[in-house]
**Student:** 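Please read through the structure below; I'll follow up with questions.
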Amino acid sequence: QVQLAESGGALVRVGGSLRLSCTATGGTINRYGVGWFRQAPGKEREFVAAVTWTGYRTTYADSVKGRFTISRDNAKNTFWLQMNSLKPEDTAVYYCARARYGTTQSGRDWYDYWGQGTQVTVSS
């Protein structure tokens, strides 16, 4: 059974940066796409970013393009979300997820393993 664990969430000022990590245990991320989602209070969980298993193709939500970068290291069974120029609207619980396949999509159903979430709070 694959387990994903996020880390790196914190309270940060507007314009600051954070790097979230997600490490898989009990299984591999190799040959699977991975992604990040977030959920703000009172809102549905939304897609943030994803990367295919080769790392060659990345996809981002329009709201984070140019500010966030997703990356992965299959040998370490770990992937990251670098978040720069953070805004108050980025405040949410961030979840990492492993896709069912090597490719990625923005729909939650494409992912079958999820982490427990890490809180990111951006203060103004």
**Student:** Report yes or no: do N84 and S17 form a side-chain donor-acceptor pair below 3.5 Å?
**Tutor:** yes
**Student:** Does Q116 use its side chain to pair, donor to acceptor, with the backbone of A5 at less than 3.5 Å?
**Tutor:** no
**Student:** Going by heavy atoms in the side chains, are R19 and S7 under 4.5 Å from each other?
**Tutor:** no
**Student:** Please give me the minimum heavy-atom distance between Q119 and A92, naming the atom from each residue.
**Tutor:** NE2-O, 3.5 Å
**Student:** Say you draw a straight line from CD of E46 to OG of S63; how long is it, rounded to the nearest 0.5 Å?
**Tutor:** 5.5 Å
**Student:** Is V12 isolated, or which residues cluster with it under the ILVMFWY side-chain rule of less than 4.5 Å, directly or via members?
**Tutor:** V14, L18, L20, I29, V34, W36, V48, V51, Y60, V64, F68, I70, F79, L81, M83, L86, Y94, V120, V122
**Student:** Considering only heavy atoms from C-beta outward, does the side chain of R67 approach that of D90 to under 4.5 Å?
**Tutor:** yes
**Student:** Donor-acceptor pair, distance only, cut-off 3.5 Å: does the side chain of T52 make one with the backbone of R57?
**Tutor:** yes
**Student:** Does a side-chain heavy-atom distance below 4.5 Å link N74 with K76?
**Tutor:** no
**Student:** What's the spacing between T54 OG1 and R31 CZ if we round to 0.5 Å?
**Tutor:** 10.5 Å
**Student:** Could you go through T121 and T91, starting from their C-alpha distance and side-chain angles, then the distance that decides it, and tell me whether this counts as side chain to side chain donor-acceptor pair (under 3.5 Å)?
**Tutor:** CA-CA 5 Å; T121 303; T91 295; 5.3 Å; no
**Student:** Does a side-chain heavy-atom distance below 4.5 Å link W53 with R72?
**Tutor:** yes
**Student:** State, without any angle test, whether S21 and W80 hold a side-chain donor-acceptor pair at a distance under 3.5 Å.
**Tutor:** yes
**Student:** What's the separation between atom CG in D112 and atom OH in Y32, rounded to the nearest 0.5 Å?
**Tutor:** 7.5 Å
**Student:** So, the side chain of N77 versus the backbone of A24: is there a donor-acceptor pair under 3.5 Å, distance only?
**Tutor:** yes
**Student:** With W114, which residues qualify under ring-ring contact (aromatic ring centres under 6.0 Å, His included), at least two apart?
**Tutor:** F37
**Student:** What pairs of donor and acceptor atoms, side-chain ones from residues 95-110 against any protein atom, are under 3.5 angstrom apart with sequence neighbours left out?
**Tutor:**
residue: R98; atom: NH1; partner: T28; partner atom: O; Å: 2.8
residue: R100; atom: NE; partner: D109; partner atom: O; Å: 2.8
residue: R100; atom: NH2; partner: D109; partner atom: O; Å: 3.4
residue: W110; atom: NE1; partner: T103; partner atom: O; Å: 2.9

**Student:** Is atom CD of E89 surrounded by more than 12 heavy atoms (other residues, nucleotides or ligands) closer than 6.0 Å?
**Tutor:** yes
